[in-house]
Student: 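Let me give you the structure first, and then I'll get to my questions.
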Amino acid sequence: MGKGSGKLLLIDGNSIINRAFYALPPLTNSSGVHTNAVLGFTTMLLRVLDEEKPSHVMVAFDAGKVTFRHEGYAEYKGGRQKTPPEMSEQFPLLKELLQAFSIPQFELPGYEADDIIGTFTRVAEEQGKTAVVVSGDKDMLQLATDQVTVLITRKGISEVERYTPEQVGEKYGLTPEQIIDLKGLMGDASDNIPGVPGVGEKTALKLLHEYGTVENVLDHASELTGKMREKIEAHSEDARMSKRLATIFREVPLQHSLDEVEWKGYDSAQLVSALRKLEFKSIIERLDLSAAGGVEQAEIEEAAAKYEVIRVDTAGWDALHDKLADAEALYVEAHGENPHQAQGIGVAVAAGSQCFVIPFELLCTPEGERFRAWLADGDAPKYGYELHWTELVLARCGVDLRGQAFDVQLAAYLLDPTESDPSLNGLLQRHQLAGIASDEAVYGKGAKFRVPAAEDLARHLAAKADAVRRLKPHLSKELEDLGMHRLYYELEHPLSCVLAEMEKQGISVNADALKELGVDFQRRIEEMIKAIHELAGFEFNIGSPKQLGEVLFEKLGLPVVKKTKTGYSTDAEVLEKLEPYHEIVRLILHYRQLTKLQSTYIEGLLKEIRPETGKIHTYYRQTIAATGRLSSQFPNLQNIPIRLEEGRQIRKAFVPSEPGWRILAADYSQIELRVLAHISGDEGLKEAFVKEMDIHTKTAMDVFGVEAEQVDSNMRRQAKAVNFGIVYGISDYGLSQNLNITRKEAAAFIEQYFEAFPGVRHYMDSIKAKAKEDGYVTTLLDRRRYLPDIRASNFNLRSFAERTAMNTPIQGTAADIIKLAMIRMDKALRENGLKSRMLLQVHDELVFEVPEEELEIMKKLVPEQMATALDLDVPLLADVSVGSNWYEAK
DNA sequence: GTTATCACG
DNA sequence: ACGTACGTGATAACA
């Protein structure tokens, strides 16, 4: 395409979809997904394509919420109504459809669609091409020139008004450039652009016909009279700013050439499949595409909504009971993230060609008995979504769940643990299955949450149960294909049931002990506040990093060590460096420490103790950590203080739930370095563990080239840091930061380490190479993590991916091992008929409560099960200890 | 909602 | 030359 020929079609995506949404009546496809705005957009698009016959096409979208316009005026677009979920759920659909049309989409953080379009028209003009801009926003008229025509939708979107500079002149008596001045004076309520109050279109036009520009109007304000003069003089700054806000920025840094938006038409098969998904039958017919498209899409359409929704109420139970033998998928809906608190909404079961939906209130009625028996029947297999969470929700109203056969969320996590959208809709989309309505659209968001009418609710929950059923075969096949079948069925799936038991059990926490500690902390915090304010010379909020920064660096003039994006950094690392300068710093550090303990651990934990039982029930999330670790929420019991004595006291409140019982804790010794010894095969490292040497001392000996007797505590400390660095995927910079040494010195340590442990060096090199080759890394049990950035040309991204490649197999294998140990312990407790209970997991530690008479056997059994969970080339070792609370079990 | 900070392995 | 140690969750302040 040479210069001078060609016509660009530039579409303001946000504006058009917005117009379309409000112009067309609500419309949903058979699974309840709203589609009216996409339909309107499509109609407009086809019409303009037909009429304009462009050579190039693109659609621009606004990206993010904050643009450069907010820098000068934070209220820009403020007070706008939030986008209703029925509309926002249509954006992904539209974007998918545009892809099927082979139409490129542009968005750039910090800029709006009209800026991108403005930039394209500038480039088009420079290259002697013509352009047609489509928008619902009259602001765009400022772009009109001899080469650029602007189409503004009217009456919905089926018709457009065509504006060349002449037509702008006819309609407003202005040049296109003056449209900006018009807006500067009259403002725009929808974007929260103020303009001059009291000046509307009429007045603004009159002024502009007389004076031409905003600036000129302001310069000649003295020639005006009365109210008008007062208003304009009082709001001259508003007018100037409004003009700036209304000006389209035409220098957006886009790294694209016009060639990239050249449009050669769409692929019929792709388009028809997208249109079928949306169920836009009339458009398929209009384009005469009925014959196009593969069988696959037809199947998808057929699979969608091919079931009957049956609402179970007081009368509907019998039909459900008859079909329970065929039931496949279960979906339990509850509102809230915390399974120990979520409010039950409804239960859906997909069975044969029917989906039954039971309101949650009916679950525990006498009529629900047979259904509850089915839920509790271990021989009645159920596919589900987040079954572990579901089990806890049901348990709260005394309903047992057994027979979990497959969890689509858990499976999806194994297939890609870093996938950010774990929702059912996300899963459906990734497997190219028909989507369902978004929760946001059905229930509303945040405070506006409402359970819809029974019929709408039933349709939604039925769609979810059906989605689970449709997903299951795809996911289990993929697990099979990737060789992850055993990881799922032998590790993660059984573990989810073990976790649910632990969480239901909970751990007893002595509230009085916590409160007592809290009183002490509070007294000391108040003393410290006084002392800090006295040293500063005035009162301020020490907890505010902003105010603290001002006090330290402006009032007291301490040196600025580090900055954050928003101001001075005041984190512990910085404060430690500042300690010698002023005694206030030490107090602030201590204040921080105590307030952390008070708010997160005293007050936070007290809120989580259930008054009826005195227990805390955490929730282990099994599908969060990219490495395969668990995470703990509501509250997090994996970060209870231990490193500093003051915080460690908190652990005294964690006690056995039965009189006379004890807390038993067992933790793996150096599990990650042992894993490293195994997977790297390094002889020296393996030998160190076989001979049960102190690994940090051994490292110090090799790195510093000295005998064991010559290793002092400082050498050992540094060697320990090197070992941490190795596990994290070492870099000289990271190690230098940690040890407060120069990068050169750190690099020398690392080199020494690799010379002492050549097998480790080889492992680090080969795992990076393998990751580059495959695009992912795996653990010993074939857990997988993709590293898309491993081949990035950006140094930072690539380096991050390389460290992850080195760390994930180590951290992930350690996670595999303790998970195995948990399953084995659970089994061992049952098989030996023991009363002891597994309560907590903290990555390399398991915590139990044990009756006195089982102490001896448990002290042997637990470390033994942990040590033999997986057979490595080095021994695994678990240390065990017992106490009357978690503090003492150390 | 995002940011800074800090608790753990 | 590039500039971060790996993996999490909770809280208070701020926007």
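So that the names make sense, note that chain A is the first sequence line, chain B the second, and so on, each numbered from 1.
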Student: Expressed in whole Å, how much space separates the P atoms belonging to B:dC8 and C:dG3?
Tutor: 31 Å
Student: Is A:R643 near enough to B:dC8 that one of its side-chain N or O atoms lies under 4.0 angstrom from OP1 or OP2?
Tutor: yes
Student: Taking the side chain as every heavy atom from C-beta outward, state whether A:L630 and A:Q622 have any pair of such atoms under 4.5 Å apart.
Tutor: yes
Student: So for A:R743 and C:dG3, does any side-chain atom that can act as donor or acceptor lie under 3.5 Å from a complementary atom in the base?
Tutor: yes
Student: Taking atom C1' of C:dC6 as reference, at what distance in whole Å does atom CG of A:N807 sit?
Tutor: 4 Å
Student: Using a cut-off of 6.0 Å, state whether more than 12 heavy atoms not belonging to A:R586 lie near its atom CZ.
Tutor: no
Student: Determine whether any donor atom in the side chain of A:R803 lies under 3.5 Å from an acceptor atom in the base of C:dG7, or the reverse, and answer yes or no.
Tutor: no
Student: For a quick check, with a 4.0 angstrom heavy-atom cut-off, what is the B/S/- contact string for nucleotides 8-15 of chain C, read 5' to 3'?
Tutor: SBBSSSS-
Student: Looking at every strand, decide which applies to A:L597 at a 4.0 Å heavy-atom threshold: base, sugar-phosphate, or nothing.
Tutor: nothing
Student: For a 4.5 angstrom cut-off between non-hydrogen side-chain atoms, does A:F540 reach A:E550?
Tutor: no
Student: Between A:Y620 and A:Q638, is a side chain to side chain donor-acceptor pair (under 3.5 Å) present by the stated rule, with each step listed?
Tutor: CA-CA 10 Å; A:Y620 287 106; A:Q638 291 183 318; 5.3 Å; no
Student: Strictly below 4.0 Å: does A:T564 bring a side-chain N or O up to OP1 or OP2 of B:dT3?
Tutor: no
Student: Whole Å only: how far is the CE atom of A:M806 from the C1' atom of C:dC6?
Tutor: 11 Å
Student: Could you work out the separation of C:dT4 and B:dA4 based on their P atoms and round it to a whole Å?
Tutor: 14 Å
Student: Ring centroids only, cut at 6.0 angstrom: are A:F634 and A:H340 within range, meaning strictly under it?
Tutor: no
Student: Whole angstrom is fine here: how far is it from CD1 in A:I730 over to C1' in C:dG3?
Tutor: 16 Å
Student: With ring centroids as reference points, do A:Y619 and A:H388 lie under 6.0 angstrom apart?
Tutor: yes
Student: For the base of B:dC8, is there a side-chain donor-acceptor partner from A:Q638 under 3.5 Å away?
Tutor: no
Student: Atom CG of A:L548 and atom C1' of B:dC6: how far apart are they, to the nearest Å?
Tutor: 15 Å
Student: Base, sugar-phosphate or nothing for A:I810? Non-hydrogen atoms, less than 4.0 Å.
Tutor: nothing
Student: Which part of the nucleic acid, if any, lies within reach of A:A572 when heavy atoms closer than 4.0 Å are counted: base, sugar-phosphate only, or nothing?
Tutor: sugar-phosphate
Student: Once you apply a heavy-atom cut-off of 4.0 Å, does A:N738 come out as touching a base, just sugar-phosphate, or nothing?
Tutor: base
Student: Does C:dG7 have its OP1 or OP2 closer than 4.0 Å to a side-chain nitrogen or oxygen of A:R785?
Tutor: yes
Student: Does A:A721 reach a base, just sugar-phosphate, or nothing at all? Heavy atoms under 4.0 Å.
Tutor: base
Student: Side-chain donor or acceptor of A:T566 under 3.5 Å from a matching atom on the base of B:dT3?
Tutor: no
Student: Okay, side chain of A:S881, backbone of A:A889: is any donor-acceptor separation there less than 3.5 Å?
Tutor: yes
Student: Could you please name the partner base of C:dC2, counting Watson-Crick and G-U wobble pairs only when both distances are under 3.5 Å?
Tutor: none
Student: Applying a 3.5 Å limit to both distances, which nucleotide forms a Watson-Crick or G-U wobble pair with B:dC6?
Tutor: C:dG9
Student: Would you mind classifying the nucleic acid contact of A:S569 as base, sugar-phosphate or nothing, using non-hydrogen atoms under 4.0 angstrom?
Tutor: sugar-phosphate
